[in-house]
Amino acid sequence: MTDIQAQEAGIAAKRQEFYDRIGGQNLTPLWLSLAELVTPEPRSNCRPASWRFADIRAAMMEAGGLITAKEAERRVLVLENPGLRGQSKITTDLYAGVQLVLPGEVAPAHRHTQTALRFVLEGKGAYTAVDGERTLMNEGDFIITPPMTWHDHGNESDAPIFWLDGLDIPLVQFLDASFAEHLGQDEQPVTRPLGDSDARFGANLLPVDHRPRGGTSPVFNYPYERTREALERMRQAAEWDPCHGLKMRYSNPVTGGHAMNTIGTFVQLLPKGFSTAAYRATDATVFAPIEGRGRSIIGDDFVVEWGKRDIFVVPSWKSVRHEAAEDSVLFSFSDRPVQEALHLWREDRGNA
């Protein structure tokens, strides 16, 4: 060993002895981890992933024969990101699952601090009740459960109903702010007529003395029939964004902001033959086509061949390109409202 090597070995030993000693005081040197903590670009264990609805549906129907909605409280299969297995996450701060309610079943009433969205994948005529008001659930509807609101789900139709659940569970866990309660009965009392919230807040009108509470939209069902009609009318203008086709966000009619505080929700129309330009943003995004067929290329080489009701996820800062083989409508959700509120959200449309 040369003198220089011996000197370097001596310095390394002294440093290690120092690190070991201060470790007993719950101290650690930043200079050993700074490069991993403050990265030049987003770095995540979240991976591109996709799920076929046909596979999910088969597994859900099997689960329906094994456990009732009441026994399970919520009969859901969690969509776990392959890079985040065991954590009940589809992205680093969002949860997703597919829920099944069979004819005649009720998923019992409870409430929690987590905000939830429901996007109906298959079925019609079932209901969800939120704080004393029921709304019917039909394919393509986007339904909100605000934080700490009583909610239950029931199926009075003659066919099973499936929907995509999206919740901010990982975010609320990270903040140590989770609370939950059970009502103690399957169904909450219905105190408002069907369509009450839509009449009060969904017709470009507001009650004269309305005072906003929180930031979640007071409209909790955005019917797909109305959404689809709007997209079709806007198609006539032929104003296609190269990265998105025709993309809209669901909004809170009181504030004009996102429909939920922690989860942004979007819908986009891609006409047959349309191919988007590469796009990436810091909000990892979950997609669920409700019409059409096509494919999406995520990053350099992850290709998703998708059809109606399939689900896929694009991680933060991974580019995505969509190619529509048919007229297609894609629902999506992400944590964009949180990033925007913290001034962290960034996109790359090829000019970053």
Side-chain angles (χ1 to χ4, degrees), residues 36-37 39 41-53 56 76-99 112-119 121 142 144-145 147 163-178 243-244 247 249-250 258-268 278-289 296-300 302-304 306 309-322 330-348:
E36 294 297 318
L37 295 175
T39 59
E41 289 190 348
R43 188 181 301 171
S44 171
N45 290 326
C46 179
R47 300 180 193 168
S50 63
W51 295 263
R52 294 280 188 191
F53 179 72
I56 298 172
V76 176
L77 290 181
V78 180
L79 304 178
E80 284 200 328
N81 190 284
L84 303 166
R85 291 303 306 272
Q87 301 179 54
S88 296
K89 298 177 179 180
I90 194 165
T91 71
T92 52
D93 62 359
L94 290 175
Y95 157 101
V98 174
Q99 185 163 171
H112 41 67
T113 43
Q114 293 81 358
T115 303
L117 68 85
R118 328 288 176 189
F119 182 70
L121 298 170
F142 158 54
I144 299 172
T145 302
W163 65 80
L164 172 65
D165 282 328
L167 288 89
D168 54 8
I169 292 173
L171 178 62
V172 174
Q173 284 181 327
F174 177 77
L175 297 172
D176 286 334
S178 177
C243 293
H244 302 304
K247 186 171 184 177
R249 64 174 171 85
Y250 293 90
H258 290 280
M260 295 183 286
N261 282 331
T262 54
I263 306 175
T265 47
F266 313 89
V267 65
Q268 67 193 108
Y279 175 84
R280 61 179 177 170
T282 50
D283 55 326
T285 301
V286 180
F287 288 89
S296 297
I297 301 91
I298 305 170
D300 295 328
F302 191 93
V303 179
V304 181
W306 46 259
R309 306 187 182 104
D310 293 337
I311 300 163
F312 61 98
V313 59
V314 179
S316 170
W317 215 235
K318 286 284 188 183
S319 66
V320 62
R321 291 183 289 114
H322 303 298
L330 279 63
F331 172 84
S332 60
F333 68 92
S334 75
D335 67 357
R336 182 168 169 174
V338 176
Q339 294 199 24
E340 288 179 338
L342 298 174
H343 303 284
L344 295 173
W345 184 79
R346 182 182 294 192
E347 66 176 349
D348 178 6

Review point. Pick from W51, F266, F312: which one makes a ring pair (Phe, Tyr, Trp, His ring centres under 6.0 Å) with F287?
Key: F312

Study note, to complete from the structure: In this structure, CD of Q173 is separated from NZ of K89 (nearest 0.5 Å) by 7.5 Å

**Study point:** Interatomic spacing from CG in N81 to OG in S88 - rounded to 0.5 Å
**Key:** 12.0 Å

Review point. Do S178 and Q114 come within less than 4.5 Å of each other through their side chains, counting heavy atoms only?
Key: yes

Exercise for review: Apply side chain to side chain contact (heavy atoms under 4.5 Å, CB included) to S332 and K247, showing your working.
Suggested key: CA-CA 10 Å; S332 60; K247 186 171 184 177; 4.2 Å; yes

Check your understanding: Without hydrogens or angle criteria, can the side chains of S50 and W306 be said to hold a donor-acceptor pair below 3.5 Å?
Key -> no

Exercise for review: Answer yes or no: is there a side-chain heavy-atom contact under 4.5 Å between Y95 and V286?
Suggested key: no

Review point. Does the ring center of H244 lie less than 6.0 Å from the ring center of Y279?
Key: yes

Point to revise | R249, CZ: over 12 other non-hydrogen atoms inside 6.0 angstrom | key: yes

Review point. Is the closest side-chain heavy-atom distance between F333 and Y250 below 4.5 Å?
Key: no

Point to revise | is_close_aromatic(F142, F119), centroid dist under 6.0 Å | key: no

Revision key, fill the gap. Taken to the nearest 0.5 Å, the spacing of R43 CZ from L37 CG works out to 10.0 Å

Exercise for review: Could you grab the distance from atom OG of S316 to atom CD of Q339, nearest 0.5 Å is fine?
Suggested key: 6.5 Å

Could you tabulate the donor-acceptor pairs under 3.5 Å formed by side-chain atoms of residues 164-171, not counting sequence neighbours?
from, atom 1, to, atom 2, distance (Å)
D165, OD1, R118, NH1, 2.9
D165, OD1, W163, NE1, 2.8
D165, OD2, Q99, NE2, 2.7
D168, OD1, T115, N, 3.0
D168, OD2, T262, OG1, 2.6

Practice item. Could you check if a side-chain atom of L117 sits within less than 4.5 angstrom of a side-chain atom of I263, using non-hydrogen atoms only? Key: yes

**Study point:** pair P48-P315: side-chain heavy atoms closer than 4.5 Å
**Key:** yes

**Study point:** side chain to side chain contact (heavy atoms under 4.5 Å, CB included), paired with I56, selected from L121, D310, I311
**Key:** I311

**Study point:** Nearest-0.5 Å distance, CZ of residue R47 to CZ of residue F302
**Key:** 10.0 Å

